[in-house]
Visitor: 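I have a structure I would like to understand better, so I am pasting it below and will then ask my questions one at a time.
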Amino acid sequence: MSLQLPNELNLSPHLSAHKYFLVCTLTVAAWDTLVLSPRFWRLWKSPGWPALKILFMFLRTFMPAEFIVVAVAFFDTKWSQSQCQRFFLFEPICTAILLAAASAVHVIRIYAIYDKNNTIRAVMSALLGLQIVVTGIACGFYRSVPLLPGQGCIAGPKHNWVGIYWVAPTLLYTTSFGLALYRSISSLKQRPLTPWKLMLRDGLNLYGAIWLVNMVNMLFWFIIKPTGEDDPIKTIVTSMAAVLTTSMSLRIVLSVRGTLEHGGSFALSGSSGATSSRTTHGISRSNHATNISTHNNPHTYTLDELRTKPEGEWTSNDADTKSSVHLGDEGVKRMPDSDPVGIKVTIDREIGYDESDRYRK
């Protein structure tokens with residue numbers, strides 16, 4: 001006596017793997033939505049609505065909404081194939097919109113870290129335009145995978161060349177990763193860092209993760225061979241690729257230091273030349289330390305030493321000169337009838353943006 005399993009349990013190996021992989025995708029999407037909730041609300045309450053903030057809010061809400069609907073269609077055993085024929089284009093169309101918004105984040109950010117270079121903007125914008133056109137055309141060549149009733153609804157390609165749907169965004173993310181990496185390496189001439197610190201400072205791990213997941217997905221499309229028309233193996237990584245691309249792009253926005261206006265700026269954009277601007281006869285203050293130097297005899301003091309160290313006496317035979325000190329040109333304190341040797345005071349304050357999105361001085 002043989003036991004006949006219901007269709008929802010009688011799954012082929014590839015279809016079963018597809019369902020397990022979608023569960024992993026939904027877990028990642030739910031975890032990402034939960035973890036980013038506090039930062040979502042802080043960013044929502046922040047003043048202004050620059051483009052990166054708008055894209056962040058859209059991606060943060062659209063991604064989980066899309067895959068909740070996709071999961072219902074895939075796991076609901078009551079979905080018929082006639083319903084699927086009217087629904088299957090939902091995922092490729094929504095994913096194309098999701099990828100376009102994520103790619104726009106890359107265009108804006110790469111343009112910003114290259115100090116608003118028009119050539120960079122033209123290249124990245126052209127790749128984004130190509131992606132939108134290619135994904136839009138490719139959506140017209142999807143079909144409903146012919147599964148048995150109760151096995152869910154999945155969209156699959158009619159032809160192998162439909163994989164260009166993922167080639168276009170992969171090309172943009174490859175360019176984005178390459179440009180971000182080149183910009184970071186070039187900055188080592190100004191401020192040497194270890195590879196680990198450089199990666200964390202400029203978010204190279206985020207760009208690299210996006211590139212890797214899209215490259216793997218593209219290889220699945222063109223290398224893996226399905227066993228038949230009802231085999232959804234080609235699209236097994238697409239949902240995970242879309243979720244991880246969105247998740248990492250959100251973190252690229254959150255990694256921007258300072259304001260999001262005009263895409264933010266590169267980590268060293270405001271600090272280049274700061275070292276050279278500090279002359280040898282000035283005071284620089286950072287992290288509660290004060291450095292004082294004069295023309296002839298440079299000295300360095302901390303703030304604690306300055307508080308406890310008694311005030312020096314003026315070296316003059318005339319007692320009246322002690323009270324006749326006045327402020328000369330360019331902030332130099334001079335004594336009457338003496339050489340123009342004095343002290344120039346310069347205070348530098350560096351403001352950074354830490355991981356908790358709060359300014360610190």
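What you are looking at is a predicted structure, and each value in this text was computed from that prediction instead of being measured.
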Visitor: Can you tell me how far CD1 of I113 sits from OG of S184, rounded to the nearest 0.5 angstrom?
Guide: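 Answer rounded to 0.5 Å: 6.5 Å.
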Visitor: With sequence neighbours excluded, tell me which residues meet ring pair (Phe, Tyr, Trp, His ring centres under 6.0 Å) with F75.
Guide: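 Applying ring pair (Phe, Tyr, Trp, His ring centres under 6.0 Å) to F75 gives none.
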Visitor: Which heavy atom of I210 sits nearest to which heavy atom of S249, and what is that distance?
Guide: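 Smallest heavy-atom distance, with atoms named: CD1-OG, 3.7 Å.
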Visitor: D32 vs V243, test: side-chain contact (heavy atoms from CB on, under 4.5 Å). Steps then yes/no.
Guide: CA-CA 9 Å; D32 188 72; V243 168; 6.0 Å; no
Visitor: For C139 and L89, which heavy atoms make the closest approach, and how far apart are they?
Guide: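 Scanning both residues, the minimum pair turns out to be O-CD2, 3.2 Å.
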Visitor: Could you walk me through whether I137 and Y165 pass side-chain contact (heavy atoms from CB on, under 4.5 Å), step by step?
Guide: CA-CA 8 Å; I137 294 174; Y165 179 102; over 6 Å; no
Visitor: Take Y207 and I110 through the test side-chain contact (heavy atoms from CB on, under 4.5 Å) and record every step on the way to the result.
Guide: CA-CA 11 Å; Y207 293 98; I110 295 298; 4.1 Å; yes
Visitor: Carefully, step by step, assess Y111 and H262 under the rule ring pair (Phe, Tyr, Trp, His ring centres under 6.0 Å).
Guide: CA-CA 9 Å; Y111 171 61; H262 309 294; 9.2 Å; no
Visitor: Please examine the side chains of F40 and T33, heavy atoms only from C-beta on, and report whether any two atoms are closer than 4.5 Å.
Guide: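 Side-chain contact under 4.5 Å: no.
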Visitor: Which of parallel (below 30°), tilted (30 to 60°) and perpendicular (above 60°) describes W44 and W41?
Guide: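 Perpendicular: the ring planes of W44 and W41 meet at over 60°.
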Visitor: Between L26 and F21, is there a side-chain heavy-atom distance shorter than 4.5 Å?
Guide: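 No - every pair of side-chain heavy atoms lies 4.5 Å or more apart.
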Visitor: Are F266 and Y114 an aromatic pair, judged by ring center distance below 6.0 Å?
Guide: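 Y114 vs F266: aromatic centres not under 6.0 Å.
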Visitor: Give the intermediate values and the outcome of ring pair (Phe, Tyr, Trp, His ring centres under 6.0 Å) for residues W161 and F141.
Guide: CA-CA 10 Å; W161 63 263; F141 294 91; 4.8 Å; yes
Visitor: I'd like to check V216 versus L219 (side-chain heavy atoms, cut-off strictly below 4.5 Å). Are they in contact?
Guide: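 They are not in contact (no side-chain heavy atoms under 4.5 Å apart), so the answer is no.
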Visitor: Using every non-hydrogen atom in the two residues, find where R143 and K158 come nearest and quote the distance to one decimal.
Guide: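 Minimum heavy-atom contact is CB-CG, 3.8 Å.
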Visitor: Would you check if the side chain of S186 reaches a backbone N or O of Y182 as a donor-acceptor pair within less than 3.5 Å?
Guide: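 Such a contact is found between S186 side chain and Y182 backbone.
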Visitor: Do the rings of Y173 and H106 sit parallel, tilted or perpendicular, given the 30° and 60° boundaries?
Guide: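 Tilted.
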Visitor: To the nearest 0.5 Å, what is the distance between CH2 on W166 and CG on L99?
Guide: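 Answer rounded to 0.5 Å: 4.5 Å.
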Visitor: Just by modelled atom types, is the I132 backbone N or O under 3.5 Å from a matching donor or acceptor in the T135 side chain?
Guide: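 Yes, T135 side chain to I132 backbone: donor-acceptor pair under 3.5 Å.
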Visitor: With a sphere of 6.0 Å drawn around CD of Q83, does it hold more than 12 non-hydrogen atoms of other residues, nucleotides or ligands?
Guide: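 Yes.
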Visitor: Quick check: do R201 and S187 have side-chain heavy atoms less than 4.5 Å from each other?
Guide: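 Answer yes - side chains close enough.
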Visitor: Just how far is it from atom CG of L43 to atom CG of L254, taken to the nearest 0.5 Å?
Guide: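 Reported value, rounded in 0.5 Å steps: 7.0 Å.
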Visitor: So does S247 get a backbone contact from the side chain of R251, meaning a donor-acceptor N/O pair under 3.5 Å?
Guide: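 Yes, R251 side chain to S247 backbone: donor-acceptor pair under 3.5 Å.
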Visitor: Kindly give the heavy-atom pair with the smallest separation between A155 and Y142, and that separation in Å.
Guide: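 It is CB-CD2, 4.0 Å.
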Visitor: Hydrophobic clusters here meaning ILVMFWY residues chained together by side-chain heavy-atom distances under 4.5 Å, can you tell me if L128 and I164 are in one?
Guide: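 Same cluster.
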Visitor: Under 3.5 Å, is there a donor-acceptor pair between the T77 and Q151 side chains?
Guide: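 Side chains of T77 and Q151: no pair found under 3.5 Å.
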Visitor: Just by distance, with hydrogens left out, do D231 and S12 show a side-chain donor and acceptor under 3.5 Å apart?
Guide: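 S12 and D231 do not have a side-chain donor-acceptor pair below 3.5 Å.
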Visitor: Can you tell me if K197 has over 12 outside heavy atoms packed within less than 6.0 Å of its NZ?
Guide: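 No.
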Visitor: Could you grab the distance from atom CG of L244 to atom CG of L212, nearest 0.5 Å is fine?
Guide: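 The distance works out to 9.5 Å.
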Visitor: Do R86 and S82 pair up side chain to side chain, a donor and an acceptor below 3.5 Å, judged on atom types alone?
Guide: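 No pair is found: no donor N or O on one side chain lies under 3.5 Å from an acceptor on the other.
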Visitor: Give me the atom names and distance for the closest heavy-atom approach of C84 to W79.
Guide: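 Closest pair (atom of C84, atom of W79, distance): N-CE3, 4.5 Å.
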Visitor: Is there a donor-acceptor pair under 3.5 Å between the side chain of K53 and the backbone N or O of S46?
Guide: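 Here the side-chain-to-backbone pair exists.
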Visitor: Is the shortest heavy-atom distance from the side chain of L98 to the side chain of F67 under 4.5 Å?
Guide: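 Yes; the side chains approach each other to less than 4.5 Å.
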Visitor: Could you tell me whether the side chain of F88 reaches within less than 4.5 Å of the side chain of I154, counting heavy atoms only?
Guide: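 Contact flag for I154/F88 side chains = no.
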Visitor: Indicate if M199 and W211 have the same hydrophobic cluster label, given that clusters are the connected sets of ILVMFWY residues with side-chain heavy-atom separations under 4.5 angstrom.
Guide: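 No, because M199 and W211 fall into different hydrophobic clusters, even though each may have its own neighbours under 4.5 Å.
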Visitor: Kindly indicate, with the supporting measurements, whether the criterion side-chain contact (heavy atoms from CB on, under 4.5 Å) is fulfilled by L15 and V145.
Guide: CA-CA 11 Å; L15 181 57; V145 177; over 6 Å; no
Visitor: Whether the side chain of N217 engages the backbone of V213 through a donor-acceptor N/O pair (distance < 3.5 Å, no angle test) should be reported.
Guide: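 Between the backbone of V213 and the side chain of N217 there is no qualifying donor-acceptor contact (under 3.5 Å).
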Visitor: Would you please test T235 and E91 for side-chain hydrogen bond (donor to acceptor under 3.5 Å, both in side chains) and show each step?
Guide: CA-CA 11 Å; T235 58; E91 183 178 2; over 6 Å; no
Visitor: Indicate, with yes or no, if F62 and I68 share a hydrophobic cluster defined by side-chain heavy-atom contacts under 4.5 Å among Ile, Leu, Val, Met, Phe, Trp and Tyr.
Guide: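 Shared cluster, no.
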Visitor: Quick one, P92 and T238 - any side-chain contact, counting heavy atoms below 4.5 Å?
Guide: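 Contact flag for P92/T238 side chains = no.
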Visitor: I'd like to know if the side chain of S103 reaches the main chain of A100, judged simply by a donor and an acceptor atom lying under 3.5 Å from each other, with no hydrogens or angles considered.
Guide: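 Checked: no pair found.
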Visitor: Side chains of F87 and V69, heavy atoms from C-beta outward: is any pair under 4.5 Å?
Guide: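 The answer is yes, as the side chains (C-beta and beyond) meet within the 4.5 Å cut-off.
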Visitor: For residues L34 and M63: do they belong to one hydrophobic cluster (side chain heavy atoms under 4.5 Å, members Ile, Leu, Val, Met, Phe, Trp, Tyr)?
Guide: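 L34 does not cluster with M63.
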Visitor: I'd like to know whether R183 forms a salt bridge (charged side-chain N to carboxylate O under 4.0 Å, His left out) with D115, so could you lay out the CA-CA distance, the side-chain angles of the two residues, the decisive distance to 0.1 Å, and finally the verdict.
Guide: CA-CA 11 Å; R183 183 71 176 92; D115 300 324; 3.8 Å; yes
Visitor: Can you get from L181 to M124 by hopping between Ile, Leu, Val, Met, Phe, Trp and Tyr side chains that sit under 4.5 Å apart?
Guide: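 No.
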Visitor: Once rounded to the nearest 0.5 Å, what's the spacing between atom CD1 of I252 and atom CZ of F56?
Guide: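 With rounding to 0.5 Å, CD1 (I252) is 12.0 Å from CZ (F56).
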Visitor: Tell me, with the steps shown, if R257 and D202 meet salt bridge (charged side-chain N to carboxylate O under 4.0 Å, His left out).
Guide: CA-CA 10 Å; R257 298 186 178 188; D202 297 336; over 6 Å; no
Visitor: What I want to check is whether the side chains of T246 and R60 have a donor and an acceptor closer together than 3.5 Å.
Guide: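 No pair is found: no donor N or O on one side chain lies under 3.5 Å from an acceptor on the other.
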Visitor: Any idea which heavy atoms bring V162 and P157 closest together, and the distance?
Guide: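 Minimum heavy-atom separation between V162 and P157: CB-CB, 3.8 Å.
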Visitor: Okay, side chain of T61, backbone of F58: is any donor-acceptor separation there less than 3.5 Å?
Guide: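 Yes, the answer is positive, given that a donor and an acceptor are paired below the 3.5 Å cut-off.
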Visitor: Rounded to the nearest 0.5 Å, what separation is found between the CG atom of L22 and the NZ atom of K19?
Guide: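 Result: 8.0 Å between the selected atoms.
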